[in-house]
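Below is one structure, written out as structure tokens, with a few remarks after it.
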Amino acid sequence: MPNFQNSSQGNILEILATILEIQELDMQMIQLMRLKKERQRELENINAIKGDLTHQVKAKEDEIVELKTIIKISEEELGELQNHIKDLENKQSSIKKVDEFNALSHEMAASDKQRTLKEQSLSDLYDKLTNEEDHLKNFRESLESTTESSKVLENEIFERISAINKEGKVIKEQRDELVKQADPEVFRIYERLLNNKKDRVIVPIENRTCSGCHIQLTPQDENLVRKAERITFCEHCSRILYWAETNEADAQVGTRVRRRRTTKQTA
Ligand SMILES: [Zn+2]
């Protein structure tokens with residue numbers, strides 16, 4: 001089992017007690033950052049929904065502009081057709097030859113048919129425009145009500161994030177104080193392990209098992225940890241092990257640390 005001879009020869013349990021306090025603060029901080037990320041994700045979701053609605057409104061507006069252009073062109077074409085038919089009618093009265101008259105009648109009939117078609121298509125376009133304008137109205141209302149209702153939610157989230165930041169600041173101050181008192185060498189090891197695992201890295205032995213990786217230890221390992229003459233690492237997960245007195249009595253270092261803080265907080 002790899003171990004680390006403490007240079008200060010101080011009581012290992014005492015050294016670890018300070019770092020265990022830091023560890024509990026770090027666990028709180030990790031939890032806080034997780035909560036903060038969740039809140040930020042909620043904000044992103046709200047913004048995505050608003051973004052979608054804004055996009056729908058814009059797309060519908062563009063569609064309507066395009067539709068109006070098509071209608072304008074169709075109206076102009078219909079006007080031209082109507083003028084053309086009027087010209088043909090005028091011409092018809094001055095024609096004397098039968099075959100010319102027939103040809104003109106034929107052309108008039110064709111133009112008339114074209115006009116009917118154009119009128120029908122325009123009528124369809126007007127219906128479509130009314131429809132699209134209704135859709136646009138709905139999209140706009142939906143965007144407006146979503147923006148309105150999400151304001152309350154967004155403010156709530158901002159407040160929660162701000163509370164998280166405040167809590168984080170307090171934790172950081174407490175931590176900074178403890179770090180000053182901590183054995184620098186052991187603290188460096190602790191931080192390196194924490195960065196790797198993002199979890200508790202100083203753990204008690206429970207039932208001759210590392211409570212970090214839950215792998216059984218040998219009696220020799222357990223003895224080493226119990227003697228607490230040096231820092232002992234779990235050879236399976238590299239966590240620092242300590243002997244919790246609760247294995248025999250009710251005085252576990254971790255519990256003591258936690259209990260102390262709980263009393264502090266409620267005081
Ligand atoms: Zn382990």
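Residue numbers count from 1 along this sequence. Each ligand, and each atom within it, is numbered from 1 in the order the structure gives.
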Salt-bridged, [X] to [Y], with N to O below 4.0 Å?
{"X": "Glu154", "Y": "Lys151", "answer": "no"}
{"X": "Arg200", "Y": "Glu24", "answer": "yes"}
{"X": "Lys68", "Y": "Glu133", "answer": "yes"}

Flag side-chain contact, heavy atom, 4.5 Å: His236 against Cys210 =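 His236 does not reach Cys210 side chain to side chain.
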
Taking atom types as modelled, is there a side-chain donor on Asp221 or Thr218 under 3.5 Å from an acceptor on the other?
-> yes

Gap between atom CD of Gln174 and atom NZ of Lys172 - 0.5 Å precision |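 Rounded to the nearest 0.5 Å, the NZ-CD separation comes out at 12.0 Å.
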
Which protein N, O or S atoms lie under 2.8 Å from the Zn ion (ligand 1)?
->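 Protein N/O/S atoms under 2.8 Å of the Zn ion (ligand 1): Cys210 SG, Cys213 SG, Cys234 SG, Cys237 SG.
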
